[in-house]
Each structure stands twice: as C-alpha cells, then as structure tokens.
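Below is one structure, written out as structure tokens, with a few remarks after it.
Numbers here simply count residues along the sequence, with the first being 1.
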Amino acid sequence: MTIFDLGWTPFFEAAFSTHDTDVFTPARIFRQDRQRYLAVSEIGTFNATLLGRLLHDESAVLPAVGDWVVLQAFDADQAVIHETLPRFSEFARKEVGQKTRRQVVAANINTVFLVSGLDNDFNIRRIERYLVQAAGSGAKPVILLNKMDMCADLAGCISEVQRVAGDYPIIPLSAIEGDGIDQLKAHIKPGETVAFLGSSGVGKSSLVNRLVGDAYLKTGAVREDDSRGRHTTSHRELVLLDAGGLVMDTPGMRELQLWGEEEDLQAVFSDIEELAQNCKFRDCLHDTEPGCSVQEALETGTLDADRFASYAKLKKELAYLDRRKDEASIMKARKKDKELGKLYKSVQKNNPKRF
C-alpha cells in the first residue's frame, strides 16, 4: 500500500509541503469515535487524538472521516493530530437540532452515491434534497436506485428520477441480486474515494458489502409497512478496496437539513430558474404577479406542481438558514466584544497608572 492508494494527490502534497517531514507525517482519517481517530499512513496505522489547542480554537478545522491530517507519532500505534489539511470536497449538512452549525458528513470525496430504495420508501422529493446538498459539495453525484428487484414499475420510477436528475448518472441496481453492481464499480477508480449517502434502510451497507465482500458491514431488516430501516451503520468509516479505491459507508440520516448556497438550488432546479428568466418582473415571486412564466408553465402542465412546491420549500429553507447564519455571526461578535471589554477592565483595574 502506498500513500497514493489512500487518495494522496498533488493538492495535499502542496498543503503539506511546509511541514517538517522528520517530525510529521501525512495520514488519512479512516474512522472517528468522538474525539478519537483511526489514522492510516504509509508508516502505519495509529490511534490518534487531537492536539490540545485544537479543542479550544474556535477557528480550527477538526478532522472528519476522509480528511488528511498532519500527524506526529509518539509510539508504535499512538499519535497526535496537529492540523487538518485543506479539503477539495465535503458533503455537509446543518447539525440536527436548534444550533446553526455545519456538520461535515464526508470529506475529500470524488464521487458521492446518493442511494434511494425502490420499495415503499421511494421518495422523489428526498432525492431532490440530496441533490441540492451534493451540488455544492465538490464531489460528483451519482444516483443509485437500489432494490430494483422489489419495484413493480422500474421504468416509471427511473423516468420520474430522470426528470429531476438533470445530467447526473442514474444506476438502478439490487444489492441482494447483484444486478447493476458492475455499473457501480465503473465509478470507483484506484486512488479515488466514494461515499454512500442516504436514509436508513435504503441498502447502503449491503451495497458496500458487495464491494468489500465477506459481509464487512452489518445489515439489518426494514419494516414491511414503510420500508424504513434501523441504523445498521453507527459510524462513518473508510474501507480500502482490494481492487483499488476507497469507499465510505455512513449512518442513515433520519433528516437532511440543508447547509449550502442558493446556487446549489439553482443547479438542481435549472428548469425553474430558466423559466424565471422570462418573467415580466425580475423580482417575481412566482405567485400572483402578471407575466409570470413559472405560473404559466404550472397552468399548462409543462412544470410539475409538486416539483415547484419542492423548489419553493427548499428555497425558503436556505433563506432561513442564511438568516440564522447572520444571527449566529452577530451573537459571536457580541460575545467576543464582551470578553474583550471584561479583559480591558481587568487590565485597567490592575494597572491604573497606565490608563
């Protein structure tokens, strides 16, 4: 195994070039359990922890699975992470809960497989949501329609996905029967990294097992009524394939809260954006304004009403996220100003002659 098998490229080489190679080595994060990491390098595999200052530096980029880090080994299998190298791609979402924080799900991914089940859990609107999030990730999205053996109208489902997928590849397959796996493998190249993302029960772990073999990842049954599954994968983990390339399985996501820019939405809903260019008013809300090309398309049936409703919902969600980001930035600045004010008063009190 060489460092290039792990995904090392000139991009990372340039970022690491300023570090002393007698002290540090580049390593890739294969697994994370809270603030403990499994880091793999050319010189070995290490159980790594973060350098203390990283835990207290709000500006520090903490490692995620798939990241390359600057590692200092101090034992045969123990090391300390000093820095996270820049990423060329990342799939992120808003952290679940009330806090407006970004959660990186996968880092330095070349291709992101967006997995959807063709059973009772098939949801075209969810595919749109994943595509919007993937559009700004820097990775190439590929839509996997798993469980084709359970689909009564395969051609109809594929046609429905094609209407929202644009130029992104679509692969119908079956992790159980093995159909479509060769088309999947064609997207995995030596030295490149792919990630499987999707909700619980869509068969991500079963697909990874097809690539890795020997039932490397646990799989679980899904409920018959709605085809929803349990979280059979409880952590993110990179696996180096014998045939070359790396694959990441991720826990199923109960919800995917967007974290991105409006440009990502425009890339996925380019048909609606093109219609909007012909509206009479530049600030058209596509509601009751005269000369609205979007409303005209809805009335004639050339634009699907459910697709437009999905577009409007996601646009509103991104606008709300932007406001929350601004509010968080203001609160952070106020907190910093308050802390500096306290520090100034403390110094003034202890050194009155200097003021």
Side-chain angles (χ1 to χ4, degrees), residues 91-94 96 100 102 112 114-118 120-145 151-170 172 197-199 202 226 253-327:
F91 190 97
R93 66 172 178 177
K94 178 188 171 296
V96 176
T100 307
R102 184 183 60 151
V112 55
L114 306 178
V115 189
S116 178
L118 286 171
N120 295 333
D121 195 38
F122 178 70
N123 188 319
I124 197 70
R125 305 282 78 91
R126 188 186 302 129
I127 293 175
E128 287 176 335
R129 176 175 287 269
Y130 272 87
L131 281 172
V132 169
Q133 197 61 68
S137 69
K140 180 183 74 173
V142 175
I143 300 172
L144 302 184
L145 301 179
C151 183
D153 183 15
L154 180 59
C157 287
I158 293 174
S159 178
E160 190 175 357
V161 175
Q162 285 174 334
R163 286 195 290 270
V164 305
D167 296 329
Y168 296 128
I170 303 169
L197 298 174
S199 56
V202 296
D226 61 2
M253 289 184 270
R254 298 294 185 192
E255 60 178 310
L256 177 64
Q257 296 191 38
L258 295 182
W259 186 282
E261 305 298 333
E262 188 166 333
E263 288 78 5
D264 305 332
L265 182 74
Q266 295 169 355
V268 176
F269 291 88
S270 57
D271 53 335
I272 297 178
E273 292 293 330
E274 289 174 7
L275 285 170
Q277 295 298 316
N278 297 318
C279 290
K280 183 177 180 180
F281 301 105
R282 295 189 63 181
D283 58 349
C284 183
L285 298 177
H286 316 308
D287 188 11
T288 59
E289 296 88 347
C292 175
S293 296
V294 174
Q295 284 297 323
E296 181 181 341
L298 288 169
E299 291 171 3
T300 59
T302 55
L303 174 60
D304 180 70
D306 288 338
R307 178 162 170 78
F308 177 68
S310 175
Y311 166 82
K313 177 182 178 181
L314 295 173
K315 189 180 182 73
K316 182 178 179 181
E317 188 173 329
L318 284 173
Y320 177 71
L321 175 64
D322 283 341
R323 291 196 298 272
R324 290 292 300 271
K325 285 180 183 178
D326 290 341
E327 290 170 3

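- Under the 4.5 Å side-chain criterion, counting only non-hydrogen atoms from C-beta, Arg125 is in contact with Asp306.
- Panel note: side chain Ser159, backbone Gly156; no donor-acceptor pair is recorded below 3.5 Å.
- Although no hydrogens or angles enter the test, the distance criterion places a donor-acceptor pair under 3.5 Å between the side chain of Ser293 and the main chain of Asn278.
- Between the Thr300 side chain and the Glu296 main chain, a donor and an acceptor come within less than 3.5 Å of each other.
- Considering CD of Gln295 and CG of Leu275, their distance stands at 11.0 Å, rounded to 0.5 Å.
- Residues Arg163 and Asp304 form no side-chain contact, since every pair of their non-hydrogen atoms from C-beta on lies 4.5 Å or further apart.
- Contact annotation: the side chain of Ser199 approaches that of Arg126 to within less than 4.5 Å [non-hydrogen atoms, C-beta and beyond].
- Using a 4.5 Å cut-off on side-chain heavy atoms (C-beta onward), Leu154 and Pro172 make contact.
- Between Phe91 and Tyr130, the two ring planes are parallel [angle under 30°; tilted spans 30° to 60°].
- Considering all non-hydrogen atoms of both residues, Asp264 and Val132 come closest at CB-O, 3.4 Å.
- The CG atom of Leu303 lies 10.0 Å from the NE2 atom of His286; values are rounded to the nearest 0.5 Å.
- Of the candidates Leu145, Val161, Ile158, Leu145 is the only one forming a side-chain contact (heavy atoms from CB on, under 4.5 Å) with Leu118.
- Here SG of Cys292 is found 8.0 Å from CG of Leu298. Values are rounded to the nearest 0.5 Å.
- Among all heavy-atom pairs drawn from Ile272 and Phe308, the shortest one is CD1-CA, 4.0 Å.
- The two residues Tyr168 and Ala135 make their nearest non-hydrogen contact at OH-CB, 4.2 Å.
- When all heavy atoms of Ile143 and Ala165 are compared, the closest pair comes out as CD1-CB, 3.6 Å.
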Please walk me through it: do Leu114 and Ile127 pass side chain to side chain contact (heavy atoms under 4.5 Å, CB included)?
CA-CA 8 Å; Leu114 306 178; Ile127 293 175; over 6 Å; no

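- Separation of atoms OG (Ser137) and CG (Leu197) is listed at 9.0 Å; rounding is to 0.5 Å.
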So Arg307 and Asp271, salt bridge (charged side-chain N to carboxylate O under 4.0 Å, His left out) or not? Walk me through it.
CA-CA 10 Å; Arg307 178 162 170 78; Asp271 53 335; 3.0 Å; yes

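- The minimum heavy-atom distance linking Cys284 with Glu289 is given by the pair SG-OE1, 3.8 Å.
- Contact check on Glu317 versus Arg129 returns a salt bridge, with a Lys/Arg side-chain nitrogen under 4.0 Å from an Asp/Glu carboxylate oxygen.
- Taking 4.5 Å as the limit, some side-chain heavy atom of Phe269 sits within range of a side-chain heavy atom of Glu128.
- Here the closest non-hydrogen pair linking Val294 and Cys279 is N-SG, 4.1 Å.
- A side-chain N or O of Tyr311 and one of Glu273 form a donor-acceptor pair less than 3.5 Å apart.
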Could you go through Ile124 and Val164, starting from their C-alpha distance and side-chain angles, then the distance that decides it, and tell me whether this counts as side chain to side chain contact (heavy atoms under 4.5 Å, CB included)?
CA-CA 8 Å; Ile124 197 70; Val164 305; 3.8 Å; yes

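- Judged purely by atom type and a 3.5 angstrom limit, Gln133 uses its side chain to pair as donor or acceptor with the backbone of Ala92.
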